[in-house]
2 protein chains.
Amino acid sequence: MTDSAVESTDRKILQLLASDGRMSFTDLGKATGLSTSAVHQRVKRLEQRGLIQGYGATVNHAELGLPLTAFVSIRPIDPSQPDDCPDRIRDITEIESCWSVAGTEAYLLKVRTATPAALEDLLGRIRNVANVSTRTTIVLSTYYENRPVTD
Amino acid sequence: MTDSAVESTDRKILQLLASDGRMSFTDLGKATGLSTSAVHQRVKRLEQRGLIQGYGATVNHAELGLPLTAFVSIRPIDPSQPDDCPDRIRDITEIESCWSVAGTEAYLLKVRTATPAALEDLLGRIRNVANVSTRTTIVLSTYYENRPVTD
DNA sequence: GGTGAAACCGGATACCT
DNA sequence: AGGTATCCGGTTTCACC
């Protein structure tokens, strides 16, 4: 069930934490007009309710040696066999995201590699392990990624 | 220039912060065998070098009232006119990510909306403001998103 | 770059409204 | 549910190696 009542103070807190995950409870309090402990309580509740799923640092993949980003569309080769593709590819570390999608293809992946050769190798592994065909779209430039969308 | 020398302690720190952006310097120290202040220095340096681009909370969009995720492929209608599509759509808040891509289409967007009707409205706004045609792929289910990929 | 100590500030909790 | 007071642990800075 979608426990929908997320009221405006909680939304504000979520928005602030989405754009600065290390903001202190004190600063969140100043921004929302609440005391530190009231904010503290609310954040813990938001974590428990699963509205905050976690916290992460955004890493510069290009500088880290993974300058190549691509989207891989996936279509099962044999429609009669059980489709457990997400399970089969779960341990491939280059895969950042995995969605199932509507349309002519079944899944969409977002992947990161060091070089075109590494991407080629990755595509081979995906095809082998999941018995699928792939269609790859290379990212030329990233304007922005994972901007907070809270309304 | 890509200042490539990111050695193993820094990589470890980046990996830990990518999966827990609120981890304390004390705990990072325990995990890396360094003192709190040494980790502190390293993290500040990683932030300044731009290897850490920021920190964010991961928000549950479905529970927040934005259960619909979609990818929108974009193609300019008039190839002769200046292509400033990313600038023109920058202020549309439903757009979470914007990439330029190789292939038959020019850009790829990831968007979040409350309902199919809101998606329809969003697509209209994108087409109007940027003079483009769109092709939309709806996400049926998200297995995982933004998993840390550090090697 | 690293350590360890000291001052300071934020997080966590108990208690009261 | 929110505020106040308190305690403890984390953050930050600095002198030294």
Inset, instruction - Step by step, work out the side chain to side chain donor-acceptor pair (under 3.5 Å) result for B/T150 and B/R11. - result: CA-CA 8 Å; B/T150 46; B/R11 292 194 104 88; over 6 Å; no

Inset, instruction - Without swapping roles, check the side chain of B/D84 against the backbone of B/D87 for a donor-acceptor pair under 3.5 Å. - result: no

Legend entry - Straight-line distance of A/I95 CD1 to A/I89 CD1, nearest 0.5 Å: 4.0 Å

Please give, in whole Å, the distance from [N] [atom2] to [X] [atom1]?
X	N	atom1	atom2	result
A/M23	D/dT11	CE	P	17 Å
A/F25	D/dC8	CZ	P	20 Å
A/L17	C/dG11	CG	C1'	14 Å
B/I13	C/dG1	CD1	P	13 Å

When you check the phosphate oxygens OP1 and OP2 of [N], does a side-chain N or O of [X] lie under 4.0 Å from one of them?
X	N	result
B/R42	C/dG2	yes
A/H40	C/dG11	no
B/T26	D/dT11	yes

Legend entry - First encountered from the 5' end of DNA chain D, between A/R45 and A/T36: A/R45

Legend entry - First of A/R22 and A/L34 reached from the 5' end of DNA chain D, by closest nucleotide: A/L34

Inset, instruction - Indicate, with a heavy-atom threshold strictly under 4.0 Å, whether A/S24 touches base, sugar-phosphate, or nothing. - result: sugar-phosphate

Inset, instruction - Identify which nucleotide among D/dG2, C/dG2, C/dA12 has an atom closest to any side-chain atom of A/Q41, counting heavy atoms from C-beta outward. - result: D/dG2

Legend entry - Base of C/dG4 paired with side chain of B/S37 (donor-acceptor, under 3.5 Å): yes

Inset, instruction - Would you mind checking if A/E47 and B/R22 are paired as a salt bridge, meaning a charged N to carboxylate O distance below 4.0 Å? - result: no

